Every structure is written in C-alpha cells, then in structure tokens.
Asker: 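I'd like to ask you about the structure that follows.
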There are 2 protein chains.
Amino acid sequence: MNDFERRNRPLFPISIVMELTELTARQIRYYEEQQLIKPARTKGKHRLFSFADIDRLLEIKSLLDKKVNLAGIKEIFRRRELEEQEKALMKLKSKERQISDSELRRKLVNEVLHQKSKYANSQIQGDLSRFFH
Amino acid sequence: MNDFERRNRPLFPISIVMELTELTARQIRYYEEQQLIKPARTKGKHRLFSFADIDRLLEIKSLLDKKVNLAGIKEIFRRRELEEQEKALMKLKSKERQISDSELRRKLVNEVLHQKSKYANSQIQGDLSRFFH
DNA sequence: AATATATGTTAGATTTTCTTACATGAGATT
DNA sequence: AATCTCATGTAAGAAAATCTAACATATATT
C-alpha cells in the first residue's frame with residue numbers, strides 16, 4: 001500500500017469525522033452535495049471518510065472562516081488538482097526522458113563495445129589502419 | 001496530541017477493523033471477552049477501535065497462527081506491559097536524576113556568583129584581600 | 001423586499017452493531 | 001470411545017447510528 005492509498009482508504013464513519021473536524025453532520029453532507037468531497041460508501045450507503053477527506057474538510061472549515069464561499073473553495077480545489085495533474089505529468093515525462101537517455105547510453109556503449117561506431121569505416125580509421133595487423 | 005494519544009484514539013467501527021485485520025466480528029468480540037483488547041465504546045455501546053487495538057488484533061492473529069492459545073497471548077501481552085512500565089519508570093528516574101543534577105549545578109553557580117564558596121573565608125581570600133580597596 | 005447561501009431540525013426508513021443463546025469442529029482428557 | 005474445552009459460527013431481537021427528504025431560518029446579496 002503506497003502513500004496515496006493510505007491517505008485515501010475509506011475508514012471513518014461520519015460520527016468520528018464530526019468529532020475530528022468539529023463540523024455537524026449537516027455541514028459535512030452539504031459539502032458533499034456541493035461536491036467539495038466525495039466520501040466512499042458502504043454497501044448500505046453509509047459514508048466512509050478517508051484521511052484525505054478529513055484534511056479537505058478541515059481546509060473547507062478554515063476557508064469558510066476566511067469568508068471564502070463554497071464556490072470559491074470548490075474553485076481553489078479544482079485549481080490545485082489541475083496543478084497536481086500537471087506535476088504528475090512533468091514527473092512522468094522526466095521519467096520517460098530518463099529512460100530514453102539511459103536507453104541511448106546503453107546503445108552507445110553497445111556500439112562502442114562492438115565497434116559499430118559511425119566512424120568504423122571513416123577516413124580516420126582508414127588513416128590509422130596502416131598501423132595495425 | 002502526542003504519539004500515545006494518537007495511537008490510542010478511538011476511531012474505527014468494527015466493520016472497518018474486520019476489513020483491516022481480516023477477522024470476523026465474532027472473533028474480535030471474543031478476544032475482547034477474553035480481555036485481550038479493550039476497545040472504547042460510544043454512548044450507545046458500539047465499539048470504537050484505535051490504531052493500537054488494530055495492532056494488537058494483528059498480533060493476536062499472528063500468534064494464533066503460531067498455535068499460541070489465547071491464554072498464552074494474554075500472558076505475552078501482560079509481560080510486555082510490565083516491561084514497558086519498567087522502562088517508563090527507568091526513564092522517569094533518569095529524568096529525576098537529570099533534574100537534581102542541573103539543580104545542583106544551578107546552586108553551585110549561584111554560590112560562586114555570590115561568593116558563597118566554602119573557601120569564602122579561607123586563608124587564600126584572606127591572603128589576597130590586602131590587594132583590594 | 002425578494003433571493004440565495006449555509007446550516008438547523010425533524011421524521012421515518014434503512015443499516016449497522018449490540019447482546020445473548022445455542023451449535024459445532026478440532027484437540028485434549030478421561 | 002465418550003467427554004470436555006477452546007475458538008468460532010450462526011441466528012434472533014433490540015438498540016444505536018446513519019440515511020434521505022423536507023421544511024425552517026438567519027445572514028448576506030441583489
């Protein structure tokens with residue numbers, strides 16, 4: 001289980017989340033209705049919250065304190081997610097570059113080891129060849 | 001909130017603990033009956049488990065796999081708790097010793113600063129006193 | 001004044017958990 | 001072999017927790 005899975009694993013019933021966040025059930029459900037959080041559900045439709053959900057709720061609370069309305073909070077979250085996607089993409093690309101770099105290096109080493117250099121048939125080799133055999 | 005409080009905070013309903021430990025409700029309740037765990041309760045008597053409880057349950061499971069019976073597991077837990085109490089005591093004592101050491105140091109410094117040294121009225125001071133005032 | 005937003009409250013239905021009691025399979029004991 | 005003990009399964013009925021939906025309301029916005 002990686003960090004992402006640990007943070008997003010559904011674990012907590014609403015009663016515990018109420019305690020941890022000092023929000024009412026009504027507030028929590030309303031924020032879900034407004035799509036600021038998407039807690040998991042049991043088979044019986046009871047909500048199950050993750051650590052990530054709780055963090056979000058705490059942030060919602062703090063932003064509401066700063067008079068940001070729910071639309072604003074939603075937008076803030078949306079932007080952060082875009083940023084994070086962006087970052088993930090950059091990371092992926094950088095990994096791809098790394099891979100192709102190392103691939104390139106591997107090929108070059110291979111060529112050198114097997115004398116498949118571009119210059120294998122070049123003037124230079126021709127020029128030097130008289131010193132061999 | 002310190003580490004102890006974090007590990008012992010009642011958070012999880014039995015359904016989640018069942019998932020995390022792969023134990024049945026019957027098993028979990030039975031282990032409680034045998035006093036191997038003591039989960040907290042809500043006002044309405046529903047069990048609430050902490051991270052520490054979950055760790056214990058996983059250990060119970062692993063020991064049962066090794067054919068240790070519940071009495072054995074209980075004894076193992078009891079011994080570990082005694083050891084831990086022991087350690088906590090040693091730590092406390094060492095802290096006390098530290099405190100009395102620093103107290104002693106403070107007093108010595110105080111004495112030196114205020115010329116309350118044993119030697120304040122010694123020959124030596126008497127000898128040097130003629131060079132002053 | 002009318003509207004929108006965020007939250008409170010209540011009611012009835014559904015889900016989850018509780019306790020208690022009886023059942024059972026595998027080993028240990030007689 | 002019969003009996004006992006231990007750990008677990010299963011079922012029933014009660015109680016607690018959560019759900020959704022609806023209506024209520026205070027404050028801010030238009």
Side-chain angles (χ1 to χ4, degrees), chain A residues 9-78, chain B residues 9-78:
Chain A
R9 173 149 202 171
L11 291 176
F12 307 107
I14 198 168
S15 54
I16 293 295
V17 177
M18 290 170 65
E19 272 190 33
L20 296 178
T21 61
E22 299 183 274
L23 291 167
T24 66
R26 182 66 168 95
Q27 287 174 305
I28 296 168
R29 295 192 189 114
Y30 183 62
Y31 303 154
E32 183 188 18
E33 194 181 316
Q34 301 304 309
Q35 310 182 56
L36 293 172
I37 50 171
K38 295 183 189 58
R41 299 287 185 132
T42 65
K43 281 187 185 178
K45 310 296 181 196
H46 283 200
R47 289 171 184 79
L48 280 183
F49 299 81
S50 65
F51 282 106
D53 289 326
I54 291 175
D55 286 345
R56 277 207 156 207
L57 286 170
L58 290 173
E59 202 174 355
I60 291 170
K61 205 184 170 190
S62 138
L63 286 167
L64 282 172
D65 278 353
K66 293 186 199 160
K67 306 303 176 190
V68 181
N69 67 13
L70 292 193
I73 297 173
K74 197 169 172 180
E75 186 63 21
I76 289 170
F77 285 173
R78 203 181 61 80
Chain B
R9 174 150 202 170
L11 291 176
F12 308 106
I14 198 168
S15 54
I16 293 295
V17 177
M18 290 169 64
E19 271 191 33
L20 295 177
T21 61
E22 300 183 273
L23 292 167
T24 65
R26 182 66 168 94
Q27 287 174 304
I28 295 169
R29 294 192 190 113
Y30 184 61
Y31 304 154
E32 182 188 18
E33 195 182 316
Q34 300 304 309
Q35 310 183 54
L36 293 171
I37 52 171
K38 298 183 187 58
R41 298 287 185 131
T42 65
K43 279 186 187 177
K45 311 298 181 195
H46 283 201
R47 289 170 185 81
L48 279 183
F49 300 81
S50 65
F51 282 106
D53 290 325
I54 290 175
D55 286 345
R56 278 208 155 206
L57 287 170
L58 290 173
E59 202 174 356
I60 291 170
K61 204 184 173 194
S62 137
L63 286 167
L64 282 174
D65 277 352
K66 294 186 197 161
K67 305 304 175 190
V68 181
N69 66 15
L70 292 193
I73 297 173
K74 197 170 174 180
E75 186 63 22
I76 288 169
F77 285 173
R78 203 180 61 78

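In what follows, every chain begins at residue 1, and chains take the letters A, B, ... in the order their sequences are listed. Source: prediction; values computed, not measured.
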Asker: Kindly indicate whether the side chain of N69(A), heavy atoms from C-beta on, has any atom under 4.5 Å from the side chain of L64(A).
Answerer: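 Heavy-atom side-chain distance check fails, nothing below 4.5 Å.
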Asker: When rounded to the nearest 0.5 angstrom, what is the spacing between CD1 in I37(B) and CD1 in I60(B)?
Answerer: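 Taking CD1 in I37(B) and CD1 in I60(B), the distance rounds to 6.0 Å.
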Asker: Quick one: which protein N/O atoms are closer than 3.5 Å to N/O atoms of nucleotides 18-25 of chain D? Pair and distance per line, please.
Answerer:
from: dT18(D); atom 1: OP1; to: S15(A); atom 2: N; distance (Å): 3.4
from: dT18(D); atom 1: OP1; to: S15(A); atom 2: OG; distance (Å): 2.8
from: dC19(D); atom 1: OP1; to: R47(A); atom 2: N; distance (Å): 2.6
from: dC19(D); atom 1: OP1; to: R47(A); atom 2: NH1; distance (Å): 3.0
from: dC19(D); atom 1: OP2; to: R29(A); atom 2: NE; distance (Å): 3.3
from: dC19(D); atom 1: OP2; to: R29(A); atom 2: NH2; distance (Å): 3.0
from: dC19(D); atom 1: OP2; to: R47(A); atom 2: NH1; distance (Å): 3.4
from: dC19(D); atom 1: O5'; to: R47(A); atom 2: NH1; distance (Å): 3.2
from: dT20(D); atom 1: OP1; to: R41(A); atom 2: NH1; distance (Å): 3.0
from: dT20(D); atom 1: OP1; to: R41(A); atom 2: NH2; distance (Å): 3.3
from: dT20(D); atom 1: OP2; to: R47(A); atom 2: NH1; distance (Å): 3.1
from: dT20(D); atom 1: OP2; to: R47(A); atom 2: NH2; distance (Å): 2.7

Asker: Calculate, to the nearest 0.5 Å, the distance between atoms CG and CG belonging to L11(B) and L48(B) respectively.
Answerer: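 It comes to 8.0 Å.
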Asker: Does NZ or CZ of R9(B) lie under 6.0 Å from the centre of the six-membered ring of F51(B), at an angle within 45° of the ring axis?
Answerer: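 Geometry flag: not set, cation outside 6.0 Å or 45°.
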Asker: May I have the distance from K43(B) (atom NZ) to dA17(D) (atom P), rounded to whole angstrom?
Answerer: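 One finds 9 Å between P of dA17(D) and NZ of K43(B), rounded.
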Asker: Identify the pairs formed between an N or O of the protein and an N or O of nucleotides 28-30 of chain C at a distance under 3.5 Å, and give each distance.
Answerer:
none

Asker: Reckon T42(A) has a side-chain N or O less than 4.0 Å from the OP1 or OP2 of dT15(C)?
Answerer: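 Indeed not, no polar side-chain atom of T42(A) lies that close.
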Asker: Measure all distances between protein nitrogen or oxygen atoms and nitrogen or oxygen atoms of nucleotides 4-7 of chain D, and list the pairs falling under 3.5 Å.
Answerer:
from: dA7(D); atom 1: OP1; to: L70(B); atom 2: N; distance (Å): 2.9

Asker: Tell me the interatomic distance from E33(B), atom CD, to dA21(C), atom C1', rounded to whole angstroms.
Answerer: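 It is 12 Å, rounded to the nearest whole Å.
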Asker: Could you go step by step and tell me if E75(B) and R78(B) meet the salt bridge (charged side-chain N to carboxylate O under 4.0 Å, His left out) rule?
Answerer: CA-CA 5 Å; E75(B) 186 63 22; R78(B) 203 180 61 78; 2.9 Å; yes
Asker: Between K45(B) and R41(B), what is the shortest heavy-atom contact and its length?
Answerer: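 So the two residues come closest at O-NH1, 2.7 Å.
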Asker: Run the side chain to side chain contact (heavy atoms under 4.5 Å, CB included) test on K74(A) and L70(A) for me, step by step, so that the C-alpha distance in whole Å, both residues' side-chain angles and the decisive distance to 0.1 Å come before the verdict.
Answerer: CA-CA 6 Å; K74(A) 197 169 172 180; L70(A) 292 193; over 6 Å; no
Asker: Can you name the nearest heavy-atom pair linking T21(A) to K61(A), along with the distance?
Answerer: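 Minimum heavy-atom separation between T21(A) and K61(A): O-NZ, 3.1 Å.
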Asker: Please report the shortest heavy-atom distance between M18(B) and I28(B), naming the atom on each side.
Answerer: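 Looking at all heavy atoms of both residues, the shortest contact is CG-CD1, 3.9 Å.
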Asker: Taking all atoms of both residues into account, what is the closest heavy-atom pair of F49(B) and D53(B), and its distance?
Answerer: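 Result for this residue pair: CA-OD2, 3.5 Å.
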